[in-house]
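In what follows, a structure is listed as structure tokens, so that the remarks can point back to it.
Model, not experiment: these values are computed from the prediction.
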Amino acid sequence: MKLASPRPLLAGTALLASALLTLSGCGSAVAPATAPAASGAGSSLENCGRQVRTTQIPQSVVGMHPAQTELLVRLGQADKLAGQGQAAAQQLPAEVASQLAEVPQIGGALPPSREDLLAVAPDFVYSPTTYEFTAEQGFASIEQLEQAGAAVYVAAGGCQDRRMTGEVTDLFTDLQNLGGIFAAEQAAADLIAASTAQLERVSEALEGVAKLRVAQVYVDGTTLQGIGAGIEYDILRLAGAENIFTPEQPAFDKFFAATITPEALAAEEPEALVFTVHDPEHEASTREYLARTFPQMPAVKHKRLIAVSSTDVFPGTLGNVKAVSHIAEQLYPEAF
């Protein structure tokens, strides 16, 4: 297999404590934040191998992707948002979007340019991955943002040294850290509790089910990619799938996606296909391609073609948990 390009798409305290204990056993690229002692206090944490320090609760914040923007809103920080990055990449839920009518949208469907991001004068930037800070692409680098007075936080699963091994529960690290930075610990605990309950519901429902062999793919025109590592892999694992593509395979030992041939995918005879999409048109074209190219594949014959929004597999998003539930319910409807 030929490696793909680095951007193929792309209830309370007791439950919180339980979730964080689980986290400590799986590793993390982000150390827990030192929570502000009082309103206006600063915080310090390790993120992607560097220190992120704030001297006060941030007041001018940018979410670098709609999924990050949504998470900040659900943490109660809508009034602090100064910019919405990549706003055209995903439509926000109505109850979230209604709170952001006056917040500038920057970058269209792509990360904002260096000039556009610096123009909104952020003092805190939250991003799903480090890609959004690639200076060679015309984006502001982390160093440039820090020089301009902005603290930069990258989702735990999106750190470069974690991207291949990220897990859905890395989200809980992000929620704990952001809750500390914004003095929103209870809101973070509530989101962790709700997400933990969703994952537990899926796990309990799938006890004893015979696992289906599942391949996760991404289709761009007639180019086919397999997904075999990172948070994407962990989403399928938690949804009860037997992953056909795995991190142990040579094609996925350096990057989570790899270009594959239709013949290679057909030979695996997957019982279900999970594929990520940008919008309804992309979903329709992907379904048409898969049905036309693989009419004899068990996944196609049994109508197990499961679409997932590409934004729901971005690191550090509540959509990770939603994707687990959605895929599990589509794979094993009789279990729910």
### Query
Under 3.5 Å, is there a donor-acceptor pair between the side chain of R304 and the main chain of E271?
yes
### Query
Donor-acceptor pair, Y126 side chain versus L71 backbone, under 3.5 Å?
no
### Q59, CD atom: more than 12 neighbouring heavy atoms under 6.0 Å
yes
### Task
Report yes or no: do S44 and Q51 form a side-chain donor-acceptor pair below 3.5 Å?
yes
### Message
Between the side chains of E232 and R163, is the shortest nitrogen-to-carboxylate-oxygen separation below 4.0 Å, so that they form an ion pair?
### Response
yes
### Query
Got a sec: does the CD of E334 have more than 12 other heavy atoms crowding it under 6.0 Å?
yes
### Message
Donor-acceptor pair, distance only, cut-off 3.5 Å: does the side chain of Y153 make one with the backbone of I181?
### Response
no
### Query
Are a donor atom and an acceptor atom from the side chains of T317 and N320 found within less than 3.5 Å of each other?
yes
### Task
Would you check if the side chain of Q77 reaches a backbone N or O of L75 as a donor-acceptor pair within less than 3.5 Å?
yes
### Message
Centroid separation under 6.0 Å, is that true for the rings of Y289 and H282?
### Response
no
### Query
Taking atom types as modelled and ignoring hydrogens, do the side chains of E95 and S98 form a donor-acceptor contact shorter than 3.5 angstrom?
no
### Task
For ring-ring contact (aromatic ring centres under 6.0 Å, His included), just list the numbers for F245 and Y233, CA-CA rounded to whole Å, side-chain angles, deciding distance to a tenth of an Å, and then say yes or no.
CA-CA 8 Å; F245 302 130; Y233 171 85; over 10 Å; no
#### Entry: Shared hydrophobic cluster, V313 / L110 (ILVMFWY, side-chain heavy atoms < 4.5 Å)
no
